Number of protein chains: 2
Amino acid sequence: MRRDLAPCCQEQQIHPEALEKVRALLPPDERLYDLAELFKIFGDSTRLKILYALLEGELCVCDLAGLMAVSQSAVSHQLRVLKNSKLVKFRREGKTIYYSLADSHVESILSQGMEHIEE
Amino acid sequence: MRRDLAPCCQEQQIHPEALEKVRALLPPDERLYDLAELFKIFGDSTRLKILYALLEGELCVCDLAGLMAVSQSAVSHQLRVLKNSKLVKFRREGKTIYYSLADSHVESILSQGMEHIEE
DNA sequence: TCTATATATGAGCATTTATTCATATGTTTA
DNA sequence: TAAACATATGAATAAATGCTCATATATAGA
């Protein structure tokens with residue numbers, strides 16, 4: 001009943017020609033890595049909620065914290081992440097800091113994802 | 001030099017009217033959660049590479065493992081994730097299983113993200 | 001300059017996650 | 001039915017991540 005442990009896919013690639021074609025068309029690894037970093041940002045419901053809220057216009061940190069059931073600190077940490085990815089920008093007005101969307105792609109990325117969900 | 005620890009944003013919401021407007025337009029929490037789950041899938045470079053490779057047509061697991069610098073097991077695990085999210089589908093042909101994209105949104109989500117990267 | 005308020009940030013902790021290793025399952029062929 | 005091969009999967013582990021708590025920083029006003 002013992003089965004051999006043959007290392008898979010070593011003796012012959014199944015479709016070397018398809019592989020070569022695909023390999024030539026793939027984005028470079030570094031770019032794939034950057035893209036994954038971007039989508040990681042969208043992969044958290046707190047950050048998504050912030051982005052959706054900012055679709056309607058700028059809001060300050062307090063507003064955002066009040067909107068969600070999380071602490072001011074948590075919002076601030078997430079805003080930093082969004083800021084580092086150039087998805088939001090901010091302006092200061094006295095003690096208050098207003099955040100807004102920095103990129104028009106945000107809305108289209110969100111809506112493409114939503115379409116898939118609603119399938 | 002001691003500063004008070006006033007809990008932030010408790011005594012008065014800064015913009016209650018903006019908050020109410022935004023709150024009414026936000027997607028429900030459950031939907032935001034599902035959307036975050038979807039973007040989480042795109043937030044890994046191994047899975048992104050698989051998706052990009054499948055843009056060109058169907059490939060078997062061995063092909064995909066050969067394309068990337070990861071084990072067959074890792075690819076298989078990730079394909080399961082993609083399958084569970086209905087992003088890929090598969091067909092069996094003898095011992096070989098061919099995977100392909102299941103959803104036309106995949107391409108548009110990828111390209112919207114790429115546009116942001118390339119800014 | 002002292003106090004109050006809005007925001008930012010570092011450390012610590014708990015949870016999630018991607019990989020590897022070992023092995024199981026399913027299919028074909030001898 | 002036994003061996004070979006393609007794929008799947010469970011357990012273990014290491015790394016990443018999101019939150020909270022405490023505190024720092026920045027600005028406004030008395």
Side-chain angles (χ1 to χ4, degrees), chain A residues 1-15 32-33 36-37 39-50 58-66 68-85 88-99, chain B residues 1-15 32-33 36-37 39-50 58-66 68-85 88-99:
Chain A
M1 204 48 93
R2 260 183 150 271
R3 288 150 183 269
D4 269 342
L5 303 180
C8 172
C9 320
Q10 299 233 338
E11 321 221 332
Q12 59 190 46
Q13 296 288 358
I14 308 258
H15 309 94
L32 287 175
Y33 187 78
E37 288 303 303
F39 283 124
K40 242 173 243 177
I41 310 293
F42 287 83
D44 175 81
S45 56
T46 299
R47 287 190 292 262
L48 280 186
K49 202 164 187 173
I50 292 175
E58 68 178 11
L59 289 172
C60 71
V61 179
C62 278
D63 289 338
L64 288 167
M68 299 174 262
V70 291
S71 66
Q72 174 269 324
S73 176
V75 171
S76 202
H77 277 297
Q78 298 301 359
L79 283 170
R80 181 160 55 137
V81 173
L82 293 169
K83 197 167 52 180
N84 288 343
S85 315
V88 303
K89 59 184 194 290
F90 65 96
R91 69 180 179 89
R92 176 183 281 275
E93 190 175 307
K95 286 177 292 189
T96 308
I97 298 190
Y98 293 93
Y99 281 85
Chain B
M1 204 48 94
R2 265 187 146 269
R3 286 152 185 269
D4 269 343
L5 303 180
C8 172
C9 319
Q10 298 232 340
E11 321 224 330
Q12 60 191 46
Q13 297 287 355
I14 309 257
H15 309 92
L32 286 175
Y33 187 78
E37 288 303 303
F39 283 124
K40 244 174 240 175
I41 309 294
F42 287 82
D44 175 83
S45 56
T46 298
R47 287 191 292 261
L48 279 186
K49 203 165 188 172
I50 292 175
E58 67 177 12
L59 289 172
C60 71
V61 180
C62 278
D63 290 338
L64 289 167
M68 297 173 263
V70 290
S71 65
Q72 173 269 324
S73 177
V75 171
S76 202
H77 278 295
Q78 298 300 359
L79 283 170
R80 182 161 52 139
V81 173
L82 293 169
K83 196 167 54 182
N84 289 342
S85 314
V88 303
K89 58 185 197 286
F90 65 97
R91 70 181 178 86
R92 176 182 280 277
E93 190 175 305
K95 285 177 293 191
T96 308
I97 298 188
Y98 293 92
Y99 281 85

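Since this is a predicted model, take the numbers as computed values, not measurements. Per chain, numbering begins at 1; letters A, B, ... match sequence-line order.
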Colleague: Take atom CD1 of A:Ile50 and atom C1' of C:dT7, then tell me their distance rounded to the nearest Å.
Modeller: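 After rounding, the reported distance stands at 13 Å.
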
Colleague: A:Tyr33 OH to D:dA15 P: how many Å, rounded?
Modeller: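 My rounded result for the distance is 14 Å.
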
Colleague: CE/A:Met68 to CD/A:Gln78 distance, rounded to the nearest 0.5 angstrom?
Modeller: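 Rounded to the nearest 0.5 Å, the CE-CD separation comes out at 9.0 Å.
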
Colleague: What pairs of nitrogen or oxygen atoms, one from the protein and one from nucleotides 17-21 of chain C, lie under 3.5 Å apart?
Modeller:
unit_1	atom_1	unit_2	atom_2	d
C:dA18	OP1	B:Arg47	NH2	2.8
C:dA18	OP2	B:Arg47	NH1	3.2
C:dT19	OP1	B:Thr46	OG1	2.6
C:dT19	OP2	B:Gln78	NE2	2.5
C:dT20	OP2	B:Ser71	OG	3.0
C:dT20	O4	B:His77	NE2	3.3
C:dC21	N4	B:Ser73	OG	2.7

Colleague: Using the side-chain contact (heavy atoms from CB on, under 4.5 Å) criterion, which residues pair with A:Arg92? Sequence neighbours excluded.
Modeller: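 If we apply the side-chain contact (heavy atoms from CB on, under 4.5 Å) test to A:Arg92, skipping adjacent residues, the hits are A:Ile97.
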
Colleague: Between the base of D:dA8 and the side chain of B:Gln72, is there a donor and acceptor pair under 3.5 angstrom?
Modeller: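 Yes.
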
Colleague: Return no unless some side-chain N or O of A:Arg92 is found under 4.0 Å from OP1 or OP2 of C:dT7.
Modeller: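 The answer is no; no side-chain N or O of A:Arg92 sits under 4.0 Å from OP1 or OP2.
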
Colleague: Mind checking what makes side-chain contact (heavy atoms from CB on, under 4.5 Å) contact with B:Ile41, not counting sequence neighbours?
Modeller: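 B:Ile41 satisfies side-chain contact (heavy atoms from CB on, under 4.5 Å) with B:Arg47, B:Val81, B:Leu82, B:Ser85, B:Leu87 once adjacent residues are dropped.
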
Colleague: On DNA chain D, nearest-nucleotide positions of A:Glu93 versus B:Lys83: which is more 5'?
Modeller: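 Looking at DNA chain D, the more 5' nearest nucleotide goes with B:Lys83.
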
Colleague: Between C1' on D:dT17 and CG on A:Leu48, what's the gap in Å once rounded to a whole number?
Modeller: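 One finds 15 Å between C1' of D:dT17 and CG of A:Leu48, rounded.
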
Colleague: Distance check needed: D:dG18 P versus A:Leu82 CG, whole Å only.
Modeller: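 It works out to 10 Å between those atoms.
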
Colleague: Have a look at B:Tyr99 and say if it touches a base, only the backbone sugar-phosphate, or nothing, with a 4.0 Å heavy-atom cut-off.
Modeller: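 It contacts sugar-phosphate atoms only.
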
Colleague: Which whole-number value in Å describes the distance from B:Lys95 NZ to C:dG26 P?
Modeller: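 Checked: the NZ to P distance equals 16 Å.
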
Colleague: Nearest whole angstrom, please: distance from the P of D:dC5 to the CG of B:Asp63.
Modeller: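 In whole Å, D:dC5 P lies 17 Å from B:Asp63 CG.
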
Colleague: Mind checking the CD1-CG spacing from B:Ile50 to B:Asp63? Nearest 0.5 Å is all I need.
Modeller: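 Separation between the atoms: 12.0 Å.
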
Colleague: Taking atom C1' of D:dC19 as reference, at what distance in whole Å does atom CE of A:Met68 sit?
Modeller: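 My rounded result for the distance is 14 Å.
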
Colleague: What nucleotide, of D:dA8, C:dA8, C:dA6, holds the atom closest to the side chain of A:Thr96?
Modeller: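 The answer is C:dA6, which lies nearest to the side chain.
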
Colleague: Which residues pass the side-chain contact (heavy atoms from CB on, under 4.5 Å) test with A:Ser73, not counting sequence neighbours?
Modeller: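 Here the qualifying residues are A:Ser71, A:His77.
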
Colleague: My understanding is that only residues two or more places apart in sequence, or in another chain, count here; which of them pass ring pair (Phe, Tyr, Trp, His ring centres under 6.0 Å) with B:Phe90?
Modeller: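 Partners of B:Phe90 by the ring pair (Phe, Tyr, Trp, His ring centres under 6.0 Å) criterion, ordered by chain and then number, come out as B:Tyr99.
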
Colleague: Round to a whole Å and report the spacing from OH of A:Tyr98 to C1' of C:dT7.
Modeller: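 Going from OH in A:Tyr98 over to C1' in C:dT7 covers 13 Å.
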
Colleague: Applying side-chain contact (heavy atoms from CB on, under 4.5 Å), can you list everything that pairs with A:Ser45, at least two apart in sequence or on another chain?
Modeller: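 B:Tyr33, B:Ala36.
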
